[in-house]
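See below for the structure under consideration.
Hydrogens, waters and symmetry mates are skipped; everything else that's a heavy atom, side chains included, is used. Note that the coordinates shown come from a computational prediction; the quantities given were computed from them, not determined experimentally.
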Amino acid sequence: LFAEKVLKIKQAMPHACIACDVIVGFNGETEEEFLSTYQFIEELPISYLHVFTYSERPDTYALKMQGKIPVAERRERSKKLQQLSDAKKMAFYKENTDYLASVLWESDNQNGYIGGFSDNYIRVKTRFQESLVNTISTVTLKSLENDAYIV
């Protein structure tokens with residue numbers, strides 16, 4: 001059902017940014033289940049992930065569950081999903097080259113640049129101009145450098 005919804009959204013809105021929250025390393029998660037989750041996410045047109053490593057919380061039912069995953073293994077699984085997220089985010093950014101985007105410019109001047117996010121949540125930077133602060137402008141995403149388009 002989830003895969004169907006993601007594909008339907010991307011069909012209707014090809015430039016849509018779709019992010020997912022993923023908890024990894026929950027008690028009882030087998031290596032096979034983790035690999036299945038990884039493959040499922042890898043095959044979907046997800047734009048990026050918020051990866052959370054399971055950690056114990058006092059007074060929760062999960063503390064009583066069997067199949068505790070060693071912390072080192074949880075971290076390793078989390079790292080793999082974060083790497084997948086980074087690759088998916090870069091692919092999503094590249095798919096949006098030449099996209100005409102509305103950008104909300106934020107009020108920070110970092111090393112002579114102002115940053116913002118496009119209407120589909122892509123990081124964009126341009127030379128700082130006070131007049132851009134807290135405004136929206138339309139730009140064409142052309143030059144991708146590191147994790148942002150420079151316009």
Q: Given salt bridge (Lys or Arg N to Asp or Glu O under 4.0 Å), test E73 with R77 step by step and report yes or no.
A: CA-CA 6 Å; E73 180 62 27; R77 291 178 186 181; 2.9 Å; yes
(Q) I'd like to check L141 versus V124 (side-chain heavy atoms, cut-off strictly below 4.5 Å). Are they in contact? (A) yes
Q: Take K79 and Q83 through the test side chain to side chain contact (heavy atoms under 4.5 Å, CB included) and record every step on the way to the result.
A: CA-CA 6 Å; K79 181 179 174 184; Q83 289 170 339; 3.6 Å; yes
Q. Does R74 offer a backbone N or O that forms a donor-acceptor pair with the side chain of S78 under 3.5 Å?
A. no
Q | Under 3.5 Å donor-acceptor, S118 side chain and V103 backbone | A | no
Q. Does CE in M65 sit with more than 12 non-hydrogen atoms of other residues, nucleotides or ligands closer than 6.0 Å?
A. yes
Q: Indicate, with yes or no, if V24 and Y48 share a hydrophobic cluster defined by side-chain heavy-atom contacts under 4.5 Å among Ile, Leu, Val, Met, Phe, Trp and Tyr.
A: no
Q: Return the minimal non-hydrogen interatomic distance between N111 and R127, and the atom names on each side.
A: O-NH1, 4.5 Å
(Q) Could you go through Q129 and L132, starting from their C-alpha distance and side-chain angles, then the distance that decides it, and tell me whether this counts as side chain to side chain contact (heavy atoms under 4.5 Å, CB included)? (A) CA-CA 6 Å; Q129 300 169 45; L132 287 178; 4.0 Å; yes
Q: Return the minimal non-hydrogen interatomic distance between R57 and S55, and the atom names on each side.
A: NH1-OG, 2.6 Å
Q.
Please check: side-chain N/O of N120 versus main-chain N/O of H15, any donor-acceptor pairing under 3.5 Å?
A. yes
Q) Between F40 and F2, what is the ring plane arrangement, given parallel below 30°, perpendicular above 60°, and tilted in between? A) tilted
Q: Could you tell me whether a side-chain N or O of Q39 sits under 3.5 Å from a main-chain N or O of S36, the two making a donor and an acceptor?
A: no
(Q) Once rounded to the nearest 0.5 Å, what's the spacing between atom CG of N96 and atom NZ of K94? (A) 13.0 Å
**Q.** Matching residue for W105 among V139, V133, I136 - test: side chain to side chain contact (heavy atoms under 4.5 Å, CB included)
**A.** V139
Q | N146 atom CG, neighbour heavy-atom count above 12 within 6.0 Å | A | no
Q: Decide side chain to side chain contact (heavy atoms under 4.5 Å, CB included) for K8 and E4; before the verdict, give the C-alpha distance in whole Å, the side-chain angles of both, and the deciding distance to 0.1 Å.
A: CA-CA 6 Å; K8 193 171 192 172; E4 287 175 20; over 6 Å; no
Q) Does any non-hydrogen side-chain atom of E106 lie less than 4.5 Å from one of N134? A) no
Q. Is the number of heavy atoms from other residues, nucleotides or ligands under 6.0 Å of Q11 CD greater than 12?
A. no
**Q.** Side-chain (K88) to main-chain (E42) donor-acceptor, under 3.5 angstrom
**A.** yes
(Q) Show, in sequence, the C-alpha distance, side-chain angles and deciding distance for Y113 and F128, and conclude whether the ring-ring contact (aromatic ring centres under 6.0 Å, His included) test is met. (A) CA-CA 4 Å; Y113 284 90; F128 183 81; 10.0 Å; no
Q) Checking ring pair (Phe, Tyr, Trp, His ring centres under 6.0 Å) against F26, which of Y54, F34, F52 comes through? A) Y54
Q: Indicate whether any N or O donor in one side chain lies under 3.5 Å from an N or O acceptor in the other, for Y61 and N27.
A: no
Q) Does CG in L84 sit with more than 12 non-hydrogen atoms of other residues, nucleotides or ligands closer than 6.0 Å? A) yes
Q) Any donor-acceptor pair under 3.5 Å linking the side chain of N109 with the backbone of G112? A) yes
(Q) Within the 4.5 Å heavy-atom criterion, are I18 and F92 side-chain neighbours or not? (A) no
Q | Pair K89-L49, side chain to side chain contact (heavy atoms under 4.5 Å, CB included): steps then yes or no | A | CA-CA 8 Å; K89 186 176 185 179; L49 305 169; over 6 Å; no
(Q) Using 30° and 60° as the class boundaries, would you call the ring planes of F117 and Y121 parallel, tilted or perpendicular? (A) parallel
Q. Just how far is it from atom CG of D147 to atom NZ of K125, taken to the nearest 0.5 Å?
A. 7.0 Å
Q: State the SG-CG distance between C20 and L81, to the nearest 0.5 angstrom.
A: 11.0 Å
Q) Would a 4.5 Å heavy-atom cut-off, applied to side chains only, mark T140 and V151 as touching? A) no
Q. Got Y149 and Y93 here, is their nearest side-chain heavy-atom distance under 4.5 Å?
A. yes
Q) Below 4.5 Å, heavy atoms only, C-beta onward: do L144 and M90 meet side chain to side chain? A) yes
**Q.** Minimum-distance pair of heavy atoms, taken over all atoms of E29 and I69
**A.** O-CD1, 3.1 Å
**Q.** Reported CG-to-OG1 distance for the pair L104 and T135, which is rounded to 0.5 angstrom
**A.** 7.5 Å
Q) Any side-chain heavy atom of P45 within less than 4.5 Å of one from V6? A) yes
Q: Measure the spacing between CD1 of I9 and SG of C17 and express it to the nearest 0.5 Å.
A: 11.0 Å
